[in-house]
Amino acid sequence: EECVDRDVSVEAALRGGLGFAPAGDGSPPIVDLASPGAVDALWDAATTVGFLTVTNHGIPETEIANAFDEAKRFFAQPLEVKRAQAPHVPSENRGFEYMSQVRPSTGVPDVKESLQVTAGNETYGLDLSSLVREAHGLAQRLMGFLESKLGVEIASAHTLGEDSQSTLRLLHYPPAAAPGAVRAGAHTDWGCITLLFQLPGNEGLECAAHPSKGAASSEWMSVDPVPGGIAVNVGDMLAHWSDGRLKSNLHRVRMTSQERYSIAFFAQADKSRVIRGDLTAEAYIKARIKSNY
Ligand SMILES: O=C(O)CCC(=O)C(=O)O
Ligand SMILES: [Fe+2]
């Protein structure tokens, strides 16, 4: 399946010079969800750079802060404790992994540890269910906005029920090891929409500045934390579903001298949902997991 092989074009872009290029000026647009022009601004960002930051999103800051506290508490434990508390089940895209995700673009493991909780599954004793609910609600709202422009029914494809495979991922990049290294290799996300919660002071996220130029592009752009904002990006599943109108853009996490915590919510179509021919959203995600662990 062409869409499952998305990483081939990623490699082409990196061979084209993007891999080692530094970040230039600029940052993705900020979309104020309380403004009357929000739908147009969202559409504009999603069809050009594929990255944006939303403000006035309605998720209580205390909810987000609580999830970061949970993440810090979890990651502070000894490695064996984390492994025992949340065994990694790659086939189900959940549990705790340590320095084990190899991005096809780099061939070496990301310098990070992460804990993945799948909607509807256990939260390993962590208080994360309410952020999952809030994030799912916001992702659906954003997809509803896009749906109104796209004319394709996408917002109802994600539930929080039995069939869900949407995922909350807590990420921790330890204090800098090798200067110049990349913390997370360049990749595109697999799902429909990703919400990325960042902490002020924890910089490093970058996306390709000119995604429409593909392999000819050789610049990155910082996606720095915005107070009260959540970074949003389009994933491959939605790019595919929209016939390429919505852009799934390359991004990476650059090494900085600061330790980094972030939280991603990957809104993915339900397992049984058919996204192309007879390819289900479940089969699609499974194929992408296989290429990464
Ligand atoms: O930590 C980040 O900011 C980015 C994480 C990311 O891109 C991912 O896990 O897909
Ligand atoms: Fe990502």
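One is the number of the first residue; the rest follow in order along the sequence. Remember, it's 1-based here, ligands and their atoms both numbered in the order they're listed.
Using a 4.0 Å cutoff on heavy atoms, His172 does not count as a contact of ligand 1. Using a 4.0 angstrom heavy-atom cutoff, Gln198 does not count as in contact with ligand 1. At least one heavy atom of His187 lies less than 4.0 angstrom from ligand 1.
In this structure, Thr118 contributes its side chain and Gln165 its backbone to no donor-acceptor pair below 3.5 Å.
Of all heavy-atom pairs between Asp189 and His251, the closest is OD1-NE2, 3.1 Å.
Proximity to Val253 (heavy-atom distance under 4.0 Å) selects the following atoms of ligand 1: 1 (O), 2 (C), 3 (O), 4 (C). Residue-ligand proximity, His251 to ligand 1, at heavy-atom distances under 4.0 Å covers atoms 7 (O). Close contacts between ligand 1 and Arg103 involve ligand atoms 8 (C), 9 (O), 10 (O) [criterion: under 4.0 Å to a heavy atom]. Residue Leu171 approaches ligand 1 through these ligand atoms, each under 4.0 Å from one of its heavy atoms: 1 (O), 5 (C), 9 (O). Within the listing of ligand 1, atoms 8 (C), 9 (O), 10 (O) sit less than 4.0 angstrom from a heavy atom of Phe266. Atoms of ligand 1 lying under 4.0 Å from any heavy atom of Asp189, numbered from 1 in the order shown and given with element: 10 (O).
Counting heavy atoms closer than 4.0 Å to ligand 1, residue Ser262 contributes side-chain atoms (C-beta onward) but none from N, CA, C or O. Residue contacts with ligand 1, taken as heavy atom pairs separated by less than 4.0 Å, involve Leu196 solely via side-chain atoms from C-beta onward. Of all the heavy atoms of Glu206, none lies under 4.0 Å from any atom of ligand 1, so neither backbone nor side chain is involved.
Annotation: angle subtended at the Fe ion (ligand 2) by His251 NE2 and Asp189 OD1 is 90°, to 10°.
Nearest protein heavy-atom contact of atom 9 (O) of ligand 1 is Arg169 NH1, 2.8 Å. From the protein, the heavy atom lying nearest to atom 3 (O) of ligand 1 is Arg260 NH2, 2.5 Å. Nearest to atom 5 (C) of ligand 1 among the protein's heavy atoms is Tyr173 OH, 3.6 Å.
With hydrogens and angles left out, the side-chain atoms of Ser114 and Glu97 include a donor and acceptor closer than 3.5 Å.
By the neighbour-count criterion of 12 heavy atoms within 6.0 Å, atom CD of Glu61 is densely surrounded, having more than that number from other residues, nucleotides or ligands. In Tyr124, the OH atom is crowded: over 12 heavy atoms of neighbouring residues, nucleotides or ligands sit closer than 6.0 Å.
The aromatic rings of Phe75 and Phe96 are tilted relative to each other, their planes meeting at an angle between 30° and 60°.
Here the rule is side chain to side chain contact (heavy atoms under 4.5 Å, CB included) with Gln116, and of Asn93, Asn121, Val89 only Asn93 fits it.
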